[in-house]
Number of protein chains: 2
Amino acid sequence: MKDVARVAGVSPMTVSRVVSGEAGVAPDTAARVEQAVRRLGYQRNDNARHLRQKDLGTSTIGLVVDDLANPFYALMARSVEDEAHRRGYVVLVGSTNDEPRREREVIAAFTARQVDGLILVPTIGGHGFLKQPMRAGTRVVCVDRPARGLAVDTVTVDNRAGARRAVTHLLDHGHTRIAYLGDRYDIWTQAERHAGYVAALTDRGLPSDPALVRHGLRSREGTHAALAELRELADPPTAVFTSNDLITLGVLDGVGHPPDVAVVGFDDLPLGERLDPPLTVVSQDPVALGGTAANLLFSRIEGDSSAPRSVILLTRFVERGSGRLPGRNL
Amino acid sequence: MKDVARVAGVSPMTVSRVVSGEAGVAPDTAARVEQAVRRLGYQRNDNARHLRQKDLGTSTIGLVVDDLANPFYALMARSVEDEAHRRGYVVLVGSTNDEPRREREVIAAFTARQVDGLILVPTIGGHGFLKQPMRAGTRVVCVDRPARGLAVDTVTVDNRAGARRAVTHLLDHGHTRIAYLGDRYDIWTQAERHAGYVAALTDRGLPSDPALVRHGLRSREGTHAALAELRELADPPTAVFTSNDLITLGVLDGVGHPPDVAVVGFDDLPLGERLDPPLTVVSQDPVALGGTAANLLFSRIEGDSSAPRSVILLTRFVERGSGRLPGRNL
DNA sequence: TTGAAAGCGCTAACAT
DNA sequence: ATGTTAGCGCTTTCAA
């Protein structure tokens, strides 16, 4: 900036004014400065700028998800990024792998860089470490799951109702031996979906047979193996409810052609309607989740200090056929 | 930091030393400082730190992709993030939508924040604006596509050979009317894949019929419509080569049950093996692309100033059946 | 082992 | 309309 000032024959303050588009600079002076800027290829150091402008923030937000490679979070991330871009913000991203330690590391790195806000898919771990940054002005919004004991805006979907609807569908089609295959039970969404599964059974006066419930599935292969085990039971399931897309894929790996087990899954899959029979799912909208979270965050950043809100978006039950098997009803 | 110093009864300089883990502080002094840090919940402002430490960089890199919501780039992003996290770096992400203007905006926002490096899926636009930041020390690596006229490390896959292999497979199974359905031709990967398509035909002495070639497809719906048009031809195609995952999905939307057209696509799909018949694809490895790009970038950041390298990763041809239809060979 | 002074690049607040 | 001074939070350098 000093160099530009020297070349343009003005003071650094004038360069600052021109570069920041402030009024009150004579047109020909501004032109001289702009020419010097171009000649030197000067670009302002925004970190230094934000250091001085204490009240204006850094125009940077952090997005912390479970796994950025998961298409669900990728869609969410894109949606957050679009909202941020629209407002002139940039986005730092990090994946936690659902490990509280990595979550802490990532968030610490973000707050050390003075992010104005944080959109967080929280792990099971405590979040006391957020208190201090929040007091210092960092706004926080949780998405996909709430954080235990953290009073912040939270955007989720009706996991329990969605799962209940799906399992009810299986019951409606004559299934009574319905398996639940889920990810780690300590993940809030998974516990909710399991609760929905149990609720649907309870609605019909059926007990939940522990032998048909598997938690902690984290891969296609592991799910495939779990399904194979269930088939060895004396009284095997005739239907399976899968609690996320990865687990649905694992189950599909293990059902025959044509399938010998009915399947309904949480989360839609790109080719779901193309399977034989087409896949019935509970579908959620990651773009809406991300967009809503971003809008909440930015309204907080812009000064909204009302009580924390909790937004629950609706899932959609998409009936395509896979829940009616083995072709006993139609 | 001043507050911590006051509480601990030392100078800010001593706090700085303790917080940065520098040697030469008496153990009991350090203990007093650490206690004050905890009591006040102090966290260092890394932006201010990096402002002063000119030579150490900001430990921040930027990742600029076409579309973060695309599973391919999401996997790449996760891979880059893992490498960055391992080294104590954080990652700014941005999507360009393949619009040169948005690419410029995103990159400008990143360089203004003094990123140490940039991993870039370049748009078709010029990249002269990178010259200045590069002179100022920002390292740049291109991934998925090269940037015209930008001499930097570049990681791509053998798009042309992969496409040629796929189309050859269709020819081997008796198809001679093979359509090409692709995204915008000005995207380097798409032009390469089209060239591979043409090369495979030429290998057999066949001309490329312009009536069977469609560029610029950007959605499932648009692709579906394009396929419908091709079917209206007097001499319609018996096979289709699709140049990316989205286009493959669009074509699958439009083929019958069972399919009346053979399909081979670039990029694998999660349920591809589960279709009837299973989907034959040219598969590339986004995790390897991202990891390789990140490793190149970090070795540059760590001082490697050898001539720019070009790394070409191999695609894998995954034959599953959909290219053999309509069941005339086996 | 500790601290004081100066300055990273920028801008708020006050001159002129 | 432009410039001067001081200071954002930290660290380099040098002195004690």
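We name chains A, B, ... by the order of the sequence lines, and we start the count at 1 in each one.
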One character per nucleotide, please: for nucleotides 11-16 of chain D, 5' to 3', B when the base has a protein heavy atom closer than 4.0 Å, S when only the sugar-phosphate does, - otherwise. BBB---

Partners meeting salt bridge (Lys or Arg N to Asp or Glu O under 4.0 Å) with Glu34(A) (sequence neighbours left out): none

Tell me which pairs pass side-chain hydrogen bond (donor to acceptor under 3.5 Å, both in side chains) where either residue lies in residues 140-149 of chain B, with sequence neighbours left out. Asp66(B)-Arg145(B), Tyr73(B)-Asp144(B), Tyr73(B)-Arg145(B), Asp98(B)-Arg145(B)

Arg139(B) CZ to Leu296(B) CG distance, which is reported to the nearest 0.5 Å: 13.5 Å

Which residue, Val287(B), Asp285(B), Leu289(B), forms the side chain to side chain contact (heavy atoms under 4.5 Å, CB included) with Leu75(B)? Val287(B)

Which residues satisfy the ring-ring contact (aromatic ring centres under 6.0 Å, His included) test with His127(A), sequence neighbours excluded? Phe129(A)

To the nearest 0.5 Å, what is the distance between CD (Gln114(B)) and NE2 (His50(B))? 11.5 Å

Enumerate the residues from residues 23-39 of chain A whose closest heavy atom to DNA chain D is under 4.0 Å, giving them by residue number; use none for an empty result. Gly24(A), Val25(A), Ala26(A), Thr29(A)

Should Lys2(B) be listed as having a side-chain N or O under 4.0 Å from OP1 or OP2 of dC10(D)? no

Provide, to the nearest angstrom, the distance between the CG atom belonging to Asn47(B) and the P atom belonging to dG9(D). 12 Å

Flag for Thr60(A)-Arg113(A): side-chain donor and acceptor within less than 3.5 Å: no

Shoot me the first and last contacting nucleotide of DNA chain C against chain B, ordered 5' to 3', at under 4.0 angstrom to non-hydrogen atoms. dT1(C) to dG9(C)

Decide if atom CZ of Arg101(A) counts as having more than 12 heavy atoms of other residues, nucleotides or ligands within a radius under 6.0 Å. no

When Val152(B), Ile107(B), Ile61(B) are each screened for side chain to side chain contact (heavy atoms under 4.5 Å, CB included) with Leu118(B), the one that passes is Ile107(B)

